[in-house]
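In what follows, a single structure is set out as structure tokens and then discussed.
Below, chains carry the letters A, B, ... as their sequence lines are ordered, and counting in each starts from 1.
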There are 2 protein chains.
Amino acid sequence: MTAARVRSGGRPTLEEVAARAGVGRGTASRVINGSPRVSAHTREAVEAAVAELGYVPNRAARALAGNRTDAIALVVPEPETRFFAEPYFSDIVRGVGAALADTDMQLLLTLVGSDRERRRLAQYLTAHRVDGVLLVSVHAGDPLPDLLEQLGMPAVMSGRRSASEPLASVDSDNFEGARAAVDHLISRGRRSIATITGRLDVYGARRRLDGYRKAVSAAGLGPDEQLIAPADFTEEGGAQAMRDLLARRPDVDAVFAASDVMAAGARQVLREAGRRIPDDVALIGFDDSAVARHMDPALTSVRQPIEEMGRTMARVLLQEIAGENQERPQIVLPTELIVRDSS
Amino acid sequence: MTAARVRSGGRPTLEEVAARAGVGRGTASRVINGSPRVSAHTREAVEAAVAELGYVPNRAARALAGNRTDAIALVVPEPETRFFAEPYFSDIVRGVGAALADTDMQLLLTLVGSDRERRRLAQYLTAHRVDGVLLVSVHAGDPLPDLLEQLGMPAVMSGRRSASEPLASVDSDNFEGARAAVDHLISRGRRSIATITGRLDVYGARRRLDGYRKAVSAAGLGPDEQLIAPADFTEEGGAQAMRDLLARRPDVDAVFAASDVMAAGARQVLREAGRRIPDDVALIGFDDSAVARHMDPALTSVRQPIEEMGRTMARVLLQEIAGENQERPQIVLPTELIVRDSS
DNA sequence: CCGTACGATGGGAGCGCTCCCAAAAATGAT
DNA sequence: ATCATTTTTGGGAGCGCTCCCATCGTACGG
């Protein structure tokens with residue numbers, strides 16, 4: 001009693017679809033993968049069989065045979081999740097998800113915190129367990145991008161590490177965003193415009209500072225180094241920077257902070273110093289996060305198109321994987337100044 | 001000239017590891033999968049070969065042969081991402097990631113927005129492309145949990161749909177959280193304590209209301225229906241509810257809002273009505289989100305152990321997958337009242 | 001010293017698919 | 001109608017692994 005070749009409970013296989021459609025396995029495969037070398041008639045038959053059987057290709061088999069994975073990894077440095085928590089993370093994810101929706105790429109989420117995890121990730125990548133990698137918030141000294149470059153693994157990062165980035169990247173226009181913010185302060189009649197910078201080993205932070213400088217000097221307010229206070233993107237850092245500014249230049253009448261969180265810190269200090277916002281000192285942040293909307297007064301801020309960055313990153317990565325890109329695209333997306341009550 | 005069996009550039013395979021260790025493929029497999037039926041000597045030899053060759057198992061082959069995927073999906077309803085954006089999403093992810101770190105389970109992120117995506121997801125699941133599912137913020141009418149139950153697919157959800165949940169679930173103690181908040185208000189001498197509820201088709205929102213009721217009546221302040229204002233978790237909803245409350249019961253001296261965002265809406269209305277916080281009206285929120293910390297005055301709020309919920313969900317799911325659970329665990333994690341300036 | 005038993009081991013079969021080659025069918029040119 | 005092409009098609013080989021069974025080796029009891 002030879003066991004029947006019919007699969008009892010299991011999911012249907014390609015072979016079964018082919019049998020049902022009265023064609024060979026190879027042909028069925030062609031139809032399913034959209035190869036053009038199939039007659040219309042055959043195609044219809046196979047498609048009907050697929051529908052009737054509710055066939056869904058087995059990903060593992062596909063991956064094994066085709067030597068690819070149909071999966072990409074979104075790599076998030078663990079320490080950052082906290083900072084970027086705000087909308088950032090979920091917006092990126094939403095964008096990426098949207099771009100992947102009509103693909104059958106899977107999105108793998110990879111948090112890397114400890115060195116052990118880093119190593120494991122490197123191993124993962126080396127073992128080619130994903131077709132491509134999305135890198136979020138990469139630091140200057142991060143070895144990962146170089147590893148990817150070396151492995152020839154398609155990758156796209158958000159932001160970049162320097163002006164000349166070997167990997168594909170998608171960034172927001174930090175320079176123009178900062179400039180627009182400062183221009184806005186100038187147009188409101190402010191004259192002693194300070195800035196609180198982010199960690200300057202982050203390229204974006206440097207660009208924001210550049211934008212500030214450009215706007216200030218274009219207005220003939222000369223870049224006054226006393227008005228530039230370095231900080232580290234944290235609330236406490238922003239507060240400290242504000243204290244320094246107030247001590248150095250009590251005449252300051254506007255502050256452009258390179259992040260909303262730092263602006264929140266600055267606000268606190270300004271309050272305690274009895275300066276009214278925006279009457280005495282105008283304040284602008286960067287990121288347009290929840291913090292900005294809920295601050296009192298509501299914070300004017302530079303908004304980055306985070307979700308679109310996510311979408312774009314995914315799109316570019318798919319192109320890289322498909323080998324469609326001659327060279328690594330360096331995409332810069334425009335920012336937008338959201339004017340609220342603080343300026 | 002028979003092509004050499006040596007793989008030129010590629011990743012090493014099990015077979016190669018076995019050859020190098022001077023054992024058979026089966027034995028090598030046993031070592032790698034931690035089977036006890038291997039002699040210590042052999043084990044060492046294989047482990048050495050693995051290290052030397054930098055062997056990493058091919059996931060696809062494993063999945064294909066073993067009929068499993070070593071992957072779990074985190075399913076996030078798209079419309080929610082926006083609401084839950086705050087820390088919620090990233091905290092859950094961090095928790096899940098942490099619990100998965102020493103496993104070699106992969107985390108698949110699946111956003112489901114459109115019905116088309118829902119269907120595709122159902123197909124995915126039916127095709128057994130993952131070993132288990134993590135469900136975040138499920139609505140009362142969501143068909144997904146039932147589908148999973150039907151398929152016998154291991155699943156864990158955050159929160160639950162009703163008191164009797166067939167699926168495994170991990171929730172925070174909404175009841176006790178709300179009760180603690182209201183008790184705190186009572187201990188501060190408040191007497192006309194109102195509540196702004198979330199959408200009551202969400203189980204958690206109902207539990208928060210129950211907790212409020214319990215605390216109020218325990219204090220002999222009788223549940224006064226006029227002090228209960230239904231809303232929908234949005235800022236505008238919270239504002240509207242607050243207006244209603246003020247109109248109905250101008251004597252209100254405390255408000256417990258079932259979310260920070262609604263509390264933010266309420267705060268706005270209270271301000272406009274000239275009520276000082278906390279002097280005239282004390283205010284408490286729920287979630288302990290960024291909004292709470294940055295509100296002015298800083299908002300007292302009930303904090304949920306989100307990251308731990310993520311960790312627990314993952315842990316429970318792994319157990320479900322391993323078939324270790326007799327019945328579906330219903331885990332409730334404690335909340336904590338974070339007292340700030342608003343109460 | 002031999003039979004028994006059991007742990008350790010090797011390797012065949014097969015998971016479901018893609019790749020690719022050779023065969024079959026259709027098309028066109030003469 | 002014939003032959004050269006081109007298009008379609010079928011199915012073998014093989015991806016790297018797990019499962020499982022037959023075999024081998026060894027320790028032990030009699």
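Whole-Å rounding puts the A:R43 CZ to D:dT8 C1' distance at 12 Å. Rounded to whole Å, atom C1' of C:dC15 lies 4 Å from atom CG of B:L64. The CG-P distance, from A:D70 to D:dC15, rounds to 20 Å in whole Å. In this entry the distance linking CZ of A:R59 with C1' of C:dC15 reads 17 Å, nearest Å. In this entry the distance linking CD of A:E16 with C1' of C:dG16 reads 10 Å, nearest Å. For the pair A:R37 CZ and C:dA26 P, the computed distance is 16 Å after rounding to whole Å. Counting to the nearest Å, the C1' atom of C:dC17 and the CD atom of A:E15 are 10 Å from each other. To the nearest angstrom, C1' of C:dG14 lies 13 Å from CG of A:N58.
Residues meeting the side chain to side chain donor-acceptor pair (under 3.5 Å) test with B:R311, sequence neighbours left out: none. For B:D70, the salt bridge (charged side-chain N to carboxylate O under 4.0 Å, His left out) test picks out B:R68, with sequence neighbours left out.
The phosphate of D:dT9 has OP1 or OP2 within less than 4.0 Å of a side-chain N or O from A:S39. At C:dA8, none of the side-chain N or O atoms of B:T42 fall inside 4.0 Å of OP1 or OP2 (strictly under the cut-off).
Relative to the side chain of A:V38, the nucleotides D:dT9, C:dT9, C:dG16 differ in distance, and D:dT9 lies closest.
Side-chain contact check for A:V138 versus A:P145: some heavy-atom pair is nearer than 4.5 Å.
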Open item on the list: A:R129 vs B:D104, test: salt bridge (charged side-chain N to carboxylate O under 4.0 Å, His left out). Steps then yes/no.
Closed with: CA-CA 12 Å; A:R129 297 245 274 248; B:D104 65 345; 5.5 Å; no
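Between B:R161 and B:E165, at least one side-chain nitrogen of the basic residue sits less than 4.0 Å from a carboxylate oxygen of the acidic one, meeting the salt-bridge criterion.
Considering A:L74, A:L125, A:I72 in turn, A:L125 is the only one that fulfils the side chain to side chain contact (heavy atoms under 4.5 Å, CB included) rule with A:V130. When each of B:Q330, B:R315, B:M309 is tested with B:V170 by the rule side chain to side chain contact (heavy atoms under 4.5 Å, CB included), just one qualifies, namely B:M309.
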- [ ] List the protein contact pattern of nucleotides 18-25 of chain D with one symbol per nucleotide (5' to 3'): B for base contact, S for sugar-phosphate-only contact, - for none; contact means a heavy-atom distance under 4.0 Å.
- [x] B-B-----
